[in-house]
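Here is the structure we will look at.
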Amino acid sequence: MNVRTRFAPSPTGYLHIGGARTALFSWLYARKTGGVFILRIEDTDRERSTQESVDAILQGMDWLGLEHDEGPFYQTHRFDRYKDVIQQLLDSGHAYRCYCSREELEQMREAQMARKEKPRYDGRCFGREDAPEGIEPVIRFRNPQDGAVEFDDLVRGKITVSNKELDDLIIARSDGTPTYNLTVVVDDIDMNVTHVIRGDDHINNTPRQINIMRALGFDPPKFAHVPMILGGDGQRLSKRHGAVSVMQYRDDGYTPQALLNYLVRLGWSNGDQEIFSREEMVSLFSLEGINRSPSAFNADKLLWLNQHYIKTLPVEELERQLQWHLQAQNLSVANGPALTDVINAQRDRAKTLVEMVAISRYFYEDFDSYDEQAVKKQFKADTAANLQVVHDELVGIAEWKGEPIHAAIHSACEKLGVKLGKVGPPLRIATTGGASSPSLEITLELIGRGRALERICHAISFIGSTMMAD
RNA sequence: GACCCUAUCGUCUAGAGGCCUAGGACACGACCCUUUCACGGUUGUAACCGGGGUUCGAAUCCCCGUAGGGUCGCCA
């Protein structure tokens, strides 16, 4: 049988880290087995579902490159189908109407808690013949009273839950709309889902869903419950642990390659391997390799991976991704060196794409002030004269390339009888405004002859004016 | 509280009874490389939750504790 997996988020917010990882695992398993990956939007809760959330989730999936083969299917478009199934359950005696008020239910729960019991619906409306006026009933699934539900979770192994632990859950609200546990079952049946890969916060729902599925005459699919992702403090991952939205990572300058690589290693491993290309993930992935224990999100390691990908991704790919950040940071690269050259010069010193743009500004725009600390440390009384000599050497260069620039700087040092340490740092500040950059010859070459010489002259007069003021 | 699940360095993890004096990675420290910032290289600190079994032998299997997480909605 062909593998069919699905990712089924509810559109009540953006695509978050945890969702992205279960989506990744589902996608990976489908790709690995040559199966089908389905995207389904679980929007039955109309109060909380929004189109913006749908768009945000689609955007996140797209950014990560987790393309679906079927869908997106919207549950709100399938209400007729759910209605039919609910009626079928009603007709076959597997479901019944419940007229209990919310207050009544609340009282029941409190009483049970007081008795230190697990709060659960006691089935009091089951078999009820009358239909009280003026109350729109909910519909409950009649869970089997005896025995136990057992399933073989692909990552947890055998899980057994006694039917006594399960109560008669609501499958249709009083307004007639279906609820999650019903729609999930119907959809997984209709869409022929073979492997349900999801967060283990659903592990307690699984026995109920299996019961509904059996009542409908179907065999349940295989289940794989992946452990939760926790924050650094061991608590469930949430906003207070930092960014949890996938798109926030794009905004912060992360590459999708890094995020995917980080996510795949969170709760899954292949020996000691840390770096996985998309192709390797697909070929090496297995459900058996998924851990059973929850794992904590570690921003440092993600950052390291991001740096790794910035160092190693094809320059064209980085250039493509950088476009968005150039726009976001309002930097035009029209007047200046080829972006690919700048990327190659800077890729070893940027951990994020945001940083990459920030440290590359001086290649394209003049700056209007120098780094204060650097100036304090490097601009001395004799600096202006030294820079003048460097300037004069550079002016004479036939071709504005790294090698002749390098030679000119060294020849200036010789003429001055000083070491490079005396000339290099001030020259760097003069041309870039700050104390760090790629090697001087590459930096100057990329800045360009005119702009570089101009900046040196500007620095000379700047030093002159400030030294005078002293 | 009841039920379900989990437990190896600070974190992610390797480990399928002897290969474990427990390996790798991130972070952190030291050293080397170096015209800056980085990159890179070498290296160091650091873990099998506790207690009982089973076994010639246990990080690995079983039981009991303990700790953590999840679930108990007319949310998904």
Side-chain angles (χ1 to χ4, degrees), chain A residues 8-12 42-45 47-49 75 98 100 102 105-106 109 112-121 136-140 153 156-157 159-162 164-167 169-181 183-184 198-207 225 227-228 230 232 234-236 262 265-275 291-305 307 311 346-351 359 374 378 406 409-410 413 419-425 427-429 432 434-441 443:
Chain A
S10 68
T12 53
E42 309 217 322
D43 54 354
T44 56
D45 183 354
E47 302 267 307
R48 296 198 293 171
S49 301
Q75 293 189 322
C98 167
C100 296
R102 290 170 202 254
L105 295 173
E106 192 47 47
R109 275 192 281 264
Q112 287 164 332
M113 293 282 253
R115 273 178 270 135
K116 302 199 184 229
E117 285 170 16
K118 180 174 180 169
R120 50 197 291 288
Y121 182 66
E136 284 303 327
V138 299
I139 297 170
R140 290 182 183 271
D153 192 280
R156 300 308 181 93
I159 293 173
T160 309
V161 178
S162 165
K164 290 194 172 41
E165 296 297 328
L166 275 20
D167 62 358
L169 63 291
I170 293 173
I171 54 176
R173 303 180 179 94
S174 42
D175 67 1
T177 59
T179 63
Y180 166 74
N181 278 300
T183 58
V184 143
R198 56 173 25 163
D200 73 5
D201 47 337
H202 284 294
I203 213 160
N204 288 287
N205 284 323
T206 306
H225 286 98
M228 307 256 76
L230 311 176
Q235 297 293 302
R236 191 180 185 143
Y262 179 72
R265 280 286 288 106
L266 207 56
W268 176 83
S269 60
N270 179 64
D272 281 342
Q273 189 171 348
E274 296 287 350
I275 304 297
N291 276 177
R292 286 172 298 278
S293 54
S295 37
F297 189 83
N298 182 210
D300 276 337
K301 189 147 184 180
L302 206 211
L303 190 60
W304 172 76
L305 277 165
Q307 183 179 30
K311 285 188 303 204
Q346 299 278 220
R347 67 196 318 180
D348 278 351
R349 56 207 105 221
K351 285 185 159 79
I359 62 174
Q378 300 292 350
H406 180 86
I409 294 171
H410 279 268
C413 286
K419 288 199 177 164
L420 188 54
K422 189 90 175 138
V423 170
L427 177 58
R428 174 169 283 110
I429 298 167
T432 70
S436 59
S437 81
S439 75
L440 279 170
E441 60 265 28
T443 304

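Chain letters run A, B, ... following the sequence lines, proteins first, then strands; residues in each count from 1.
Among the heavy atoms of the strands, none lies under 4.0 Å from A:His225. If you check every strand for non-hydrogen atoms under 4.0 Å, A:Asp167 touches nothing. Looking at heavy-atom distances under 4.0 Å, A:Arg120 makes no contact with the nucleic acid at all. Contacts of A:Thr44 with the nucleic acid, taken as non-hydrogen atoms under 4.0 Å apart, involve only primed sugar atoms and P, OP1 or OP2. At a threshold of 4.0 angstrom between heavy atoms, the contacts of A:Gln75 with the nucleic acid are absent. At the heavy-atom level, A:Lys419 lies nowhere under 4.0 Å from the strands shown. Within 4.0 Å of A:Leu266, counting heavy atoms only, lie sugar-phosphate atoms of the nucleic acid but no base atom. The residue A:Pro438 sits close to a base: some heavy atom pair falls under 4.0 Å. Within 4.0 Å of A:Gly271, counting heavy atoms only, lie sugar-phosphate atoms of the nucleic acid but no base atom. Across all strands, A:Glu274 comes closer than 4.0 Å to base atoms (heavy-atom distances). Using a 4.0 Å heavy-atom criterion, one finds that A:Lys116 contacts the sugar-phosphate atoms exclusively.
You won't find any donor-acceptor pair under 3.5 Å spanning the side chain of A:Thr179 and the base of B:rC74, going by distance alone. In the interface, the side chain of A:Asn298 is not paired with the base of B:rA27 through any donor and acceptor atom under 3.5 Å apart. Within 3.5 Å, no donor on the side chain of A:Asp200 pairs with an acceptor on the base of B:rG70, nor the reverse. Looking at A:Gln235, its side chain has no donor and acceptor atom pair within 3.5 Å of the base of B:rG68. Residue-to-nucleotide contacts include no donor-acceptor pair under 3.5 Å from the side chain of A:Arg292 to the base of B:rU6.
When the P atom of B:rU35 is taken as reference, atom CZ of A:Arg349 falls 13 Å away, rounded to whole Å. The distance from atom CD of A:Gln307 to atom P of B:rC37 is 16 Å, rounded to the nearest whole Å. Regarding A:Glu42, its CD atom lies at a distance of 19 Å from the P atom of B:rG73, rounded to whole Å. For the pair A:Leu105 CG and B:rG73 P, the interatomic distance rounds to 9 Å; values are reported in whole Å.
Checked against B:rA76, B:rC26, B:rU36, the side chain of A:Ser10 finds its nearest nucleotide in B:rA76.
Among the candidates A:Thr206, A:Asn204, A:Asp200, A:Asp201, the single residue satisfying the side-chain hydrogen bond (donor to acceptor under 3.5 Å, both in side chains) test with A:His225 is A:Thr206. A side-chain hydrogen bond (donor to acceptor under 3.5 Å, both in side chains) with A:Tyr180 is found for exactly one of A:Glu42, A:His202, A:Gln75, namely A:His202.
Separating the P atom of B:rA27 from that of B:rG41 is a span of 13 Å, rounded to the nearest Å. A distance of about 25 Å separates the C1' atoms of B:rG51 and B:rA46, rounded to the whole Å. Rounded to whole Å, the P atom of B:rG18 lies 42 Å from the corresponding atom of B:rC72. Taking the C1' atom of each, B:rG15 and B:rA22 are spaced 8 Å apart, rounded to whole Å.
Across every strand in view, B:rC19 sits unpaired, with no contact that passes the Watson-Crick or G-U test at under 3.5 angstrom.
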* For A:Ser437 and A:Thr432, run side chain to side chain donor-acceptor pair (under 3.5 Å): C-alpha distance rounded to whole Å, both residues' side-chain angles, the deciding distance at 0.1 Å, then the answer. => CA-CA 7 Å; A:Ser437 81; A:Thr432 70; 5.1 Å; no
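Ion pairing between A:Glu165 and A:Arg120 fails under the 4.0 Å rule for side-chain N and carboxylate O.
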